[in-house]
Amino acid sequence: MGIQNWSDNIILVNLAQEPQLSEELLAATGMVNERQDADVVVDFADVDIITSSSIAKLLKLRKALLDCSHRLVLSSVKRRTYNVFTVTGLDSVFEFVEDQFLALAGLQLVGG
């Protein structure tokens, strides 16, 4: 799916299925570490399940964003995938939004 600079201060990550999902999360973390000036929306529309390894990469991405005072928003997370976040207690760690458009609009409104 891909990673794109959606605006000057928002990176949009449209995740693919595993194993590309894991690689895309690594690439997004690299971008955040280089830029340190953008919020990130991770869209799960095409993801059915997430592995523990990818959850660990998602947590690293979240940490990189928190370190530079930016937000990570997860969008379009299907019920089955969301249940993984709930069972692990990570549903309260991540910010979830219904779809990518609401996530992008919300970040733009806050960002100015």
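For Phe101, there are no ring-ring contact (aromatic ring centres under 6.0 Å, His included) partners two or more places apart in sequence or in a different chain. In this view, Ser7 and Asn9 satisfy the side-chain hydrogen bond (donor to acceptor under 3.5 Å, both in side chains) rule, not counting sequence neighbours.
Contact annotation: the side chain of Ser54 approaches that of Leu25 to within less than 4.5 Å [non-hydrogen atoms, C-beta and beyond]. Residues Leu58 and Leu90 form no side-chain contact, since every pair of their non-hydrogen atoms from C-beta on lies 4.5 Å or further apart. Using a 4.5 Å cut-off on side-chain heavy atoms (C-beta onward), Asp99 and Leu102 make contact. Counting heavy atoms from C-beta on, the side chains of Leu104 and Trp6 come closer than 4.5 Å. Side-chain contact check for Met31 versus Asn5: some heavy-atom pair is nearer than 4.5 Å. Using a 4.5 Å heavy-atom cutoff, the side chains of Ile50 and Phe44 are in contact. Residues Ile11 and Arg35 meet the side-chain proximity criterion, which asks for heavy atoms closer than 4.5 Å.
For the atom pair Ile49 CD1 and Thr81 OG1, the distance stands at 5.5 Å (nearest 0.5 Å). Within the model, atoms CG of Leu12 and OG of Ser75 stand 7.5 Å from one another, a figure rounded to the nearest 0.5 Å. Leu21 contributes atom CG, which lies 10.5 Å from atom CG of Asp46 (distance to the nearest 0.5 angstrom).
The environment of Asp8 atom CG is sparse: at most 12 non-hydrogen atoms of other residues, nucleotides or ligands sit within 6.0 angstrom.
For the residue pair Ala64 and Thr29, the shortest heavy atom distance occurs at CB-CG2, 4.3 Å. Considering every non-hydrogen atom in both Glu24 and Leu15, the closest pair reads OE1-CA, 3.1 Å. Between Ile10 and Ala38, the closest heavy-atom pair is N-CB, 4.1 Å.
Residues Val40 and Val93 share a hydrophobic cluster, clusters being chains of Ile/Leu/Val/Met/Phe/Trp/Tyr side chains in contact below 4.5 Å.
Relative orientation of the Phe96 and Phe94 rings is perpendicular, given thresholds of 30° and 60° on the angle between their planes.
Among residues at least two apart or in separate chains, side chain to side chain donor-acceptor pair (under 3.5 Å) pairs with a member in residues 57-72 are Ser22-Lys57, Asp39-His70, Ser53-Lys57, Lys63-Asp67, Arg71-Glu95.
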Checking salt bridge (Lys or Arg N to Asp or Glu O under 4.0 Å) for the pair Lys78/Asp48: CA distance, chi angles, key distance, verdict? CA-CA 7 Å; Lys78 295 176 184 168; Asp48 290 321; 3.0 Å; yes
